[in-house]
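Accompanying notes for the structure given below.
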Amino acid sequence: MLRVAYDDPEGVEGRLRVSEFLTSIPAIGQTKCTRIMEELQIANSKRLGGLGRLQRRRLREFTAGWIADHGGTGDRLVVLAGPTAVGKGTVAGYIREHHPEVKLSVSATTRAPRPGEVEGEHYFFVSDDEFDRMIAAGELLEWATVHNAYRYGTPRGPVEEAIAAGSSVLLEIDIQGARSVRRAMPEATLVFLLPPTWDELVRRLVGRGTESPAEQQRRLETAKVELAAVEDFDHQVVNHEVREAAQKVVDLMRPRRGRR
Ligand SMILES: Nc1nc2c(ncn2[C@@H]2O[C@H](COP(=O)(O)OP(=O)(O)O)[C@@H](O)[C@H]2O)c(=O)[nH]1
Ligand SMILES: Nc1ncnc2c1ncn2[C@@H]1O[C@H](COP(=O)(O)OP(=O)(O)O)[C@@H](O)[C@H]1O
């Protein structure tokens, strides 16, 4: 597994030369590396941390394509993220119901179940101690404290098993989580779900009626910041209509080879 923090130029990996990074990929030798860097318009001396936004994106797309074409995870791991109340849960629920071939990852959370939520289906509801244990044991692919409240994390085992078995896996997680997945699995496809308009996002949050007015206000402040993260994602899908948005997400999960 390649572990390079494209969005963490301060990290150790940021000091790695792009040429060293590329030649660490199986089947890329010096000659191919030189040709690829010319194609990506990246100078020979560049380090990962010194890449511009466009260069970073070109390199990431190249790596994802290469890994997909050489038997890696490719488009089979898709992360669906976006601001509060944009409809992530609704779109993921639609995919669960209408596309049984897509495996939805079930997260662990420290929040209490809501009426109607089923253990192991919506979430694994765990105590703080158990969540600590899962982190310490390396059982979580990523985790985050969401809305300053509870912790949520993606159990690593089921995701890796599903991918190894050839299935497509969808993670419906928050934006911090999406960034962590990018660090842990750079070949994953990141999808940002957008609202048709800001006013519609506000309408959906208020209409859902699950948060107090003060909490709604806090989430909208966070949403403003989160919307700026859209550029770091591979694809954007506008959630005008649930069925259409779900179809666009599922289409992205088809093997890259087939789409070319
Ligand atoms: N990082 C991360 N975020 C998650 C995970 N599971 C759910 N979330 C996010 O946690 C947030 C809260 O989810 P939930 O408790 O179902 O409430 P609601 O979506 O606000 O109604 C949503 O933004 C989810 O996308 C996870 O495993 N990891
Ligand atoms: N395409 C859509 N059109 C209209 N309303 C939607 C759409 N998608 C979701 N909603 C509604 O918006 C609200 C927030 O959706 P939800 O799935 O809970 O968001 P998230 O999981 O992103 O926080 C819910 O009341 C849901 O029914």
Side-chain angles (χ1 to χ4, degrees), residues 1 73-185 187-193 208 210-211 226 233 237 239 242-243 245-254:
M1 182 64 57
T73 312
D75 290 2
R76 279 184 286 127
L77 180 62
V78 171
V79 178
L80 181 65
T84 187
V86 67
K88 301 179 294 293
T90 307
V91 170
Y94 186 94
I95 294 173
R96 184 199 314 255
E97 212 171 298
H98 295 88
H99 296 275
E101 73 283 8
V102 175
K103 304 274 176 265
L104 264 81
S105 157
V106 179
S107 300
T109 179
T110 58
R111 85 152 161 75
R114 295 176 184 151
E117 284 184 332
V118 178
E119 164 75 13
E121 186 179 318
H122 296 95
Y123 284 104
F124 295 107
F125 297 97
V126 301
S127 64
D128 265 314
D129 285 350
E130 173 63 4
F131 204 92
D132 286 341
R133 191 201 61 75
M134 292 173 96
I135 296 172
E139 289 176 16
L140 298 178
L141 179 60
E142 62 74 38
W143 67 272
T145 302
V146 181
H147 301 311
N148 286 330
Y150 301 103
R151 289 183 292 172
Y152 294 80
T154 306
R156 183 190 295 275
V159 172
E160 290 183 347
E161 281 159 26
I163 288 172
S167 300
S168 296
V169 182
L170 183 69
L171 309 187
E172 186 256 286
I173 60 178
D174 87 317
I175 284 164
Q176 311 163 71
R179 290 198 162 116
S180 306
V181 172
R182 163 126 296 156
R183 279 194 286 272
M185 293 186 164
E187 68 275 29
T189 298
L190 265 51
V191 182
F192 198 99
L193 197 63
R208 184 170 66 182
T210 44
E211 287 81 25
E226 288 180 336
F233 282 61
V237 170
N239 181 17
V242 177
R243 187 172 56 86
Q247 190 60 53
K248 285 187 177 157
V249 174
V250 171
D251 284 347
L252 291 170
M253 305 189 93
R254 303 250 154 82

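Computed over heavy atoms, backbone and side chain alike; hydrogens, waters and symmetry mates excluded. This structure is a prediction, so every number in the text was calculated from the model and none was measured.
- Remark: His147 pairs with no residue by the ring-ring contact (aromatic ring centres under 6.0 Å, His included) rule, at least two apart or across chains.
- Note: Ile173 CD1 to Ser105 OG = 8.0 Å, rounded to the nearest 0.5 Å.
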- [ ] Output, in order, the C-alpha distance, side-chain angles, deciding distance and verdict of side-chain contact (heavy atoms from CB on, under 4.5 Å) for Thr110 and Glu130.
- [x] CA-CA 9 Å; Thr110 58; Glu130 173 63 4; over 6 Å; no
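- By the 4.5 Å heavy-atom criterion applied to side chains, Asp132 and Arg151 are counted as neighbours.
- To the nearest 0.5 Å, atoms CG (Leu190) and CG (Leu252) are separated by 11.5 Å.
- We find that Arg111 and Glu117 are joined by a salt bridge, their nearest charged nitrogen and carboxylate oxygen being less than 4.0 Å apart.
- Evaluation of the salt bridge (charged side-chain N to carboxylate O under 4.0 Å, His left out) rule for Glu211 yields Arg208, Arg219 as partners, not counting sequence neighbours.
- Considering Phe124, Tyr123, Phe125 in turn, Tyr123 is the only one that fulfils the ring pair (Phe, Tyr, Trp, His ring centres under 6.0 Å) rule with Tyr152.
- No donor-acceptor distance shorter than 3.5 angstrom exists from the side chain of Asn239 to the backbone of Ala245, with no hydrogens or angles considered.
- Within the 4.5 Å cutoff, the side chain of Lys103 has no heavy atoms near those of the Val159 side chain.
- In this structure, Ala162 and Val169 approach most closely via the heavy-atom pair CB-CG2, 3.5 Å.
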Listing, residues 88-95 side-chain donor-acceptor contacts under 3.5 Å, not counting sequence neighbours, or none:
unit_1	atom_1	unit_2	atom_2	d
Lys88	NZ	Gly82	O	3.1
Lys88	NZ	Pro83	O	2.9

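- Of the inter-residue distances, the one linking His99 atom NE2 with Leu170 atom CG reads 11.0 Å to the nearest 0.5 angstrom.
- The two residues Met253 and Arg76 come nearest to each other via the heavy atoms CE-O, 4.3 Å.
- Arg156 places a side-chain N or O within 3.5 Å of a backbone atom of Gly138 that can act as its donor or acceptor partner.
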Task: Steps toward side-chain contact (heavy atoms from CB on, under 4.5 Å) verdict (Arg96, Glu121) - done: CA-CA 11 Å; Arg96 184 199 314 255; Glu121 186 179 318; 4.3 Å; yes
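- For the pair Asp174 and Ala144, the tightest heavy-atom approach, listed with the atom from each and the gap, is OD1-CB, 3.9 Å.
- The two atoms that bring Phe233 and Ala81 nearest to each other are CE2-CB, 3.8 Å, heavy atoms only.
- Residues Leu141 and Met185 have side chains in contact (heavy-atom distance under 4.5 Å, counting atoms from C-beta outward).
- Checking Thr189, Thr154, Leu171 one by one against Val79, the side-chain contact (heavy atoms from CB on, under 4.5 Å) holds for a single residue, Leu171.
- Comment: Glu142 does not engage Arg179 in a salt bridge, judged by the lack of any side-chain N to carboxylate O separation of less than 4.0 angstrom.
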